[in-house]
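Below, each value reflects all heavy atoms present in this structure, side chains not excepted, and no hydrogens, waters or symmetry copies.
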Amino acid sequence: MKVGALKEIKPGEARVALTPDSAAQLQKLGHECFVQSGAGDLAGFNDATYEAAGVTVVADAQALVDAADIVIKVREPELDEVKRLKKGQTLISFFWPAQNEAMLEAAKDTGATVIAMDMVPRISRAQKMDALSSMANIAGYRAVIEAGNNFGRFFTGQVTAAGKIPPARVLVVGAGVAGLAAIGTSTSLGAITMAFDVRPEVAEQIESMGAEFVFLEFDEPAQDGAATGGYAAPSSPEFREKQLEKFRELAPDVDIVITTALIPGRPAPKLWTEDMVKMMKPGSVIVDLAAEKGGNCDLTVMDERVVTDNGVIIVGYTDFPSRMATQSSTLYATNIRHMLTDLTPDKDGVIKHNMEDDVIRGATVTHEGAITFPPPPPKVAAIAAKPKEKVKEPTPEEKRAAEVAAFKAQTKQQVILLSVAAVLLLAVGMVAPASFMQHFIVFVLSVFIGFQVIWNVAHSLHTPLMAVTNAISSIIILGALIQVGSSSLLITILAAAGIFMASINIFGGFLVTRRMLAMFQKS
């Protein structure tokens, strides 16, 4: 099949759906690659780079669509681009079918198959094709960079000869892919980072990245993010009021707010209200990643940077991935390549559109002259991670009671063991000679003491400790040396065997100890 990448026509869009590296991988699948002239210029891939990778460069969009069996692009197509398609062709791009009904009808009328990268189901097997996550990851990272560009201080705190600089306090609202990327970038830059999300299962992820999870004291049942494809479900009015109350409490203290709350197909929820903006300090920054759908902040203006009367900067750019076009194009082209790998199972350059496959069926919105959106739910449902239950800290009285109970149980166990041992010794003493009992009692006591010493040692110390104790306990060599000259052949053989095994203990024990100690020495 011939795979062709169109040049993006949306103003300011710098990404491209095909890179020279991804083209090389597609050629291994048996496909022939085409690209519209100039499609990769803004992403750092000129026509000569494509030609060196074996990609055919065509002059314009019409020539590319005429030559290609599979058309790939980044942004959702314009109506004119859809009308160029013909029956039997496949278009792979972002499409947003729920918001583009007219475009969906136009694609159906052409008879072309449309695979929407924004409709890839969020299941484990499809993660390699999840372009939404790839682009959200870049947007979250770039949001922090834009915030730092507009913020008048360092992220990390510093103590200098000229004075002390406090660290920036960053609040990330929403801990999806973009939110987690923002959290990771913010903490790595040294800021004090807090994060909020309505899904309790993400609390551990936030805390593992060095941020503080903002908890709400609210009794609403925990939401299952898996039920909504990994996104947060709409909250109740009562929960929303409690949430806004918490944000008003945090607003005067935070320096940077990054909002990422957005669910595809729905308007962005208003989470940072005008009164919260007025409570923030002059020079504070708000970066609204939901600006394209109305914004999470009341004062966000799409694609603009706004400065409020009290000096708060609100960034409403919608092209964060495009501002890192080379990286974005590389990741998106890889997502496309993985999709084509699934569509070409035999690696023979022949597309097999398997509508029984959860991933392919979920992403297909038109096929063979019919609209196939919305897709049925995937057969394999995502499983949400259960939040870790917090263990209640015991009171001093409870700790004391637990210690007393443990001491009593330990004492009882030891008394029982000693009583049983005493009874057994008495029973043996009734039938054994006195000379035997002297040695036997010493043996039993040494076993008891050794058991008590070794049993209570931490597992991490067992290897060096056992090596030393084995070497020390090999004093039995002395006894064996005394008995090796016995007139009894059996005793002589046993004594020789004892010397041999004890020698192994001595040399092996010290060898192991030496190696263990060498692990902690600087080379």
Side-chain angles (χ1 to χ4, degrees), residues 8 10-15 42 74-76 94 96 99 118 132 135-152 155 168-183 185-186 191 193 195-197 231-232 243-244 247-248 250-251 254-325 327-328:
E8 299 301 317
K10 184 178 176 65
E13 180 56 68
R15 291 172 291 177
L42 296 178
V74 182
R75 288 273 186 172
E76 63 273 21
F94 283 113
W96 311 108
Q99 292 83 44
D118 50 283
L132 284 176
M135 298 302 102
N137 181 33
I138 294 175
Y141 171 84
R142 184 70 189 195
V144 178
I145 302 303
E146 292 291 338
N149 186 46
N150 287 277
F151 187 54
F155 268 70
R169 297 180 64 86
V170 178
L171 173 65
V172 179
V173 181
V177 176
L180 291 174
I183 292 167
T185 309
S186 175
T193 309
F196 173 82
D197 199 284
Y231 295 102
Q243 176 180 317
L244 296 180
F247 291 161
R248 289 189 182 95
L250 296 172
V254 295
D255 300 303
I256 295 171
V257 177
I258 298 173
T259 62
T260 69
L262 184 62
I263 303 174
R266 296 177 186 161
K270 297 298 180 182
L271 302 176
W272 206 260
T273 57
E274 185 175 355
D275 63 306
M276 297 177 196
V277 177
K278 292 179 178 178
M279 296 167 68
M280 297 177 73
K281 294 171 288 190
S284 300
V285 179
I286 299 172
V287 180
D288 194 340
L289 291 180
E292 194 167 4
K293 298 298 180 182
N296 297 135
C297 176
D298 283 341
L299 303 181
T300 298
V301 179
M302 181 176 167
D303 290 324
E304 291 188 19
R305 176 186 181 273
V306 177
V307 181
T308 65
D309 294 338
N310 63 322
V312 177
I313 300 167
I314 304 173
V315 179
Y317 302 148
T318 60
D319 61 345
F320 287 111
S322 189
R323 288 170 181 252
M324 300 180 67
Q327 184 67 77
S328 300

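Between R75 and R15, the closest side-chain pair of non-hydrogen atoms falls below 4.5 Å.
The backbone N or O of A182 sits nowhere less than 3.5 Å from a side-chain atom of S186 that would complete a donor-acceptor pair. Listed for the Q243 side chain is no donor-acceptor partner under 3.5 Å among the backbone atoms of L271. No donor-acceptor distance shorter than 3.5 angstrom exists from the side chain of T260 to the backbone of G176, with no hydrogens or angles considered. Between the side chain of T259 and the backbone N or O of V173, no donor-acceptor pair lies under 3.5 Å. With hydrogens and angles ignored, the 3.5 Å screen pairs a side-chain donor or acceptor of K270 with a backbone N or O of G294. Distance alone, capped at 3.5 Å, is enough to place a donor-acceptor pair between the D303 side chain and the T318 backbone. Of the possible polar contacts, none joining the N310 side chain to the M279 backbone as a donor-acceptor pair under 3.5 Å is found. A side-chain donor-acceptor contact under 3.5 Å links E8 to the backbone of V74. Checking side-chain atoms of D288 against main-chain N and O of C297 turns up a donor-acceptor pair under 3.5 Å. At distances below 3.5 Å, not a single donor-acceptor pair connects side-chain atoms of D255 with backbone N or O atoms of A168.
For the atom pair CD1 of I313 and CD of E146, the computed distance is 11.5 Å after rounding to the nearest 0.5 Å. The distance from the CG atom of L299 to the CH2 atom of W272 is 12.0 Å, given to the nearest 0.5 Å. The CD1 atom of I286 sits 7.5 Å away from the OG1 atom of T308 when rounded to the nearest 0.5 Å. Between the CE atom of M324 and the CZ atom of R142 there is a distance of 6.5 Å, given to the nearest 0.5 Å. Note that the CD1 atom of I183 and the CD1 atom of I258 stand 9.0 Å from one another [nearest 0.5 Å]. Rounded to the nearest 0.5 Å, atoms CD (Q327) and CD1 (I138) are 5.5 Å apart.
Counting all heavy atoms, side chain and backbone alike, S284 lies closest to V254 at OG-O, 3.8 Å. Shortest non-hydrogen contact noted between A251 and M276 is CB-O, 3.8 Å. Across all non-hydrogen atoms, the minimal contact from G316 to T300 is CA-CG2, 4.0 Å. What you find for L289 and A143 is that their closest heavy atoms are CD2-CB, 3.9 Å. Listed here is the closest heavy atom pair of L42 and A14: CB-CB, 3.6 Å. Across all non-hydrogen atoms, the minimal contact from A261 to A268 is O-CB, 4.2 Å.
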Inset, instruction - Evaluate the criterion side chain to side chain contact (heavy atoms under 4.5 Å, CB included) for residue pair F320 and I145; output intermediate values, then yes/no. - result: CA-CA 10 Å; F320 287 111; I145 302 303; over 6 Å; no
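More than 12 heavy-atom neighbours from other residues, nucleotides or ligands sit within 6.0 angstrom of OH on Y317. Within a 6.0 Å radius of NZ in K281, other residues, nucleotides and ligands contribute more than 12 heavy atoms.
Note on ring orientation: taking the six-membered ring where Trp is involved, the planes of F196 and F247 are perpendicular (angle over 60°, cut-offs 30° and 60°).
Using a 3.5 Å distance cut-off with no hydrogens or angles, the side chains of D298 and T273 do not pair a donor with an acceptor.
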